[in-house]
Protein chains: 2
Amino acid sequence: MSTEKLASEIRKDQIVEAALHILSDKRVKKLKITEIASHLGLAPSALYRHFKNKDAILSAILEHIREKMYKNVEHVRRKRDNAIDRLQELLSLHENLISQHQGIPRIVFSDELWGQEKIKRQRMYLIVSGYLLELEAIICEGQRKNEINPDLNPEAVARMFFGIVQPAALLWHMSEGTFDLSGHFTAAWPLFQCVLQVESRCDP
Amino acid sequence: MSTEKLASEIRKDQIVEAALHILSDKRVKKLKITEIASHLGLAPSALYRHFKNKDAILSAILEHIREKMYKNVEHVRRKRDNAIDRLQELLSLHENLISQHQGIPRIVFSDELWGQEKIKRQRMYLIVSGYLLELEAIICEGQRKNEINPDLNPEAVARMFFGIVQPAALLWHMSEGTFDLSGHFTAAWPLFQCVLQVESRCDP
DNA sequence: ATTCCATGTGAATTTAAATTCACCTTAAGC
DNA sequence: GCTTAAGGTGAATTTAAATTCACATGGAAT
């Protein structure tokens with residue numbers, strides 16, 4: 001019984017992965033059930049055994065992304081102790097995420113994908129703002145330990161960090177992978193670090 | 001003859017404005033010809049007198065946005081002399097653009113809107129990267145006049161500036177206007193300024 | 001005054017998808 | 001060995017748009 005359930009879960013995952021892959025790899029055109037199906041060597045109607053409708057697939061993708069992002073936060077929390085190091089590593093994880101799955105930023109930063117339903121947008125907002133809160137937590141911790149200038153507004157710093165990632169995703173995507181992603185992060189990091197610095201002259 | 005042409009241009013503009021308004025105001029759902037038409041009190045088929053097809057309308061929107069963005073750059077260049085002031089004012093113009101036309105960031109930062117055609121994405125990339133070049137020019141000028149730390153990588157600084165705007169647009173949009181746009185810019189600016197600062201300790 | 005063209009209309013037509021449905025297949029449990 | 005249900009299929013069906021077309025209309029140029 002549990003094996004069956006598992007098998008079903010596997011198919012679901014495959015569908016989500018395939019969808020994400022299409023979104024990553026191919027053009028911008030909206031995800032088509034037919035295309036996902038053919039990626040898996042299935043008939044379009046087969047997907048309806050696993051998902052109620054296309055919307056349900058999109059929801060599953062959303063959840064998939066959320067998991068990936070939060071796993072990254074967990075990971076750097078475990079692996080690093082220092083706030084600066086954590087942020088730096090998180091940045092590099094983002095770099096990977098972007099370059100491996102062009103589809104992810106596209107989904108996160110765009111909403112054209114989502115139907116008319118307000119709900120999806122709200123969920124996306126919760127994911128993003130929840131992520132920002134995680135960043136904030138890392139930053140605050142760093143401030144307490146005086147690794148980061150305690151005078152800074154952690155919310156603003158978190159968003160600034162986010163502001164390194166988002167344009168990168170945009171440019172990478174728009175440029176069809178021509179944009180120098182790694183160069184961007186390499187150049188952006190020292191600027192950001194400059195903001196974090198303790199004893200900064202930023203505050204009057 | 002020129003009057004006719006003008007009248008035609010006016011209609012075209014109206015169509016673009018209406019489209020933008022729908023994109024701003026209403027939900028995410030893709031722009032529908034029918035909806036644009038009814039906004040103007042026209043039958044859907046009427047739009048085809050002015051644009052070959054929907055794609056042409058989207059192109060016109062793109063052009064409209066490009067103009068707005070470049071006008072803002074022109075404006076701050078004329079009005080302000082100091083690079084820092086220029087950037088600060090540009091930021092506030094962006095704030096206005098976002099709050100007045102939710103549709104603009106949505107189009108710029110999303111590509112789901114655009115059909116399969118690679119061309120639109122390329123055009124969008126040119127617009128964005130062209131805009132970044134404008135920012136860079138302002139920054140370089142400021143560096144020459146020692147208003148901005150000359151050791152900084154102007155490209156990276158330009159993107160960081162852009163990184164203040166983009167997340168704001170995203171959050172504003174996703175939150176359905178709940179997000180505190182003005183607060184964001186107010187908090188982000190001093191952090192950014194801290195980066196620009198001459199005699200910064202950022203560079204080894 | 002007549003002509004003509006730009007603009008507009010409403011009713012088809014087309015198109016491209018999602019979705020449904022009646023019918024197979026196969027492997028697990030009995 | 002039989003039964004059942006989950007997973008699969010291809011051929012409709014539905015749906016929602018964009019788009020086309022034959023037919024107005026009104027105002028400007030001749």
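Every chain is numbered from 1 and lettered A, B, ... according to where its sequence line falls, protein lines coming before strand lines. Only heavy atoms go into these numbers, but all of them, side chains included; no hydrogens, no water, no symmetry mates.
For A/Tyr48, the listed nucleotide lying nearest its side chain is C/dT20; candidates were C/dT20, D/dT9, D/dA18. Checked against D/dA17, D/dT19, D/dG10, the side chain of B/Asn53 finds its nearest nucleotide in D/dT19. For A/Lys54, the side-chain atoms get nearest to C/dA18 when compared with the rest of D/dG8, C/dA18, D/dG10. The side chain of A/Ser45 lies closest to D/dG10, out of C/dG8, D/dG10, D/dG8. Considering only the side chain of B/Lys32, D/dA17 comes nearest among D/dT9, C/dG8, D/dA17.
Protein atom CD1 of B/Ile57 is 10 Å distant from nucleotide atom C1' of D/dA18, rounded to whole Å. Rounded to whole Å, atom P of C/dT7 lies 12 Å from atom CZ of B/Phe51. D/dA24 atom P lies 14 Å from atom CZ of B/Arg49, rounded to whole Å. Distance A/Ile15 CD1 to D/dG8 P: 8 Å, rounded to the nearest Å. Between the NZ atom of B/Lys12 and the P atom of C/dA6 there is a distance of 13 Å, given to the nearest Å. Separating the CD1 atom of A/Ile36 from the C1' atom of C/dA17 is a distance of 12 Å, rounded to the nearest angstrom. The distance from atom CD1 of A/Ile10 to atom C1' of D/dG7 is 14 Å, rounded to the nearest whole Å. Between the CD atom of A/Gln14 and the C1' atom of D/dG7 there is a distance of 13 Å, given to the nearest Å.
The aromatic ring centres of A/Tyr131 and A/His94 sit less than 6.0 Å apart.
Between A/Ile139 and A/Leu152, the closest side-chain pair of non-hydrogen atoms is not below 4.5 Å. A 4.5 Å side-chain heavy-atom check between A/Tyr125 and B/Leu171 finds at least one atom pair inside the cut-off.
Across all their heavy atoms, A/Phe162 and B/Leu170 have their closest contact at CE2-CD2, 3.8 Å.
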List the steps and the verdict of side-chain contact (heavy atoms from CB on, under 4.5 Å) for A/His184 and A/Ile164.
-> CA-CA 9 Å; A/His184 166 76; A/Ile164 297 174; 3.7 Å; yes
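Remark: A/His50 is not in phosphate contact with D/dA6, judged by side-chain N or O atoms under 4.0 Å from OP1 or OP2.
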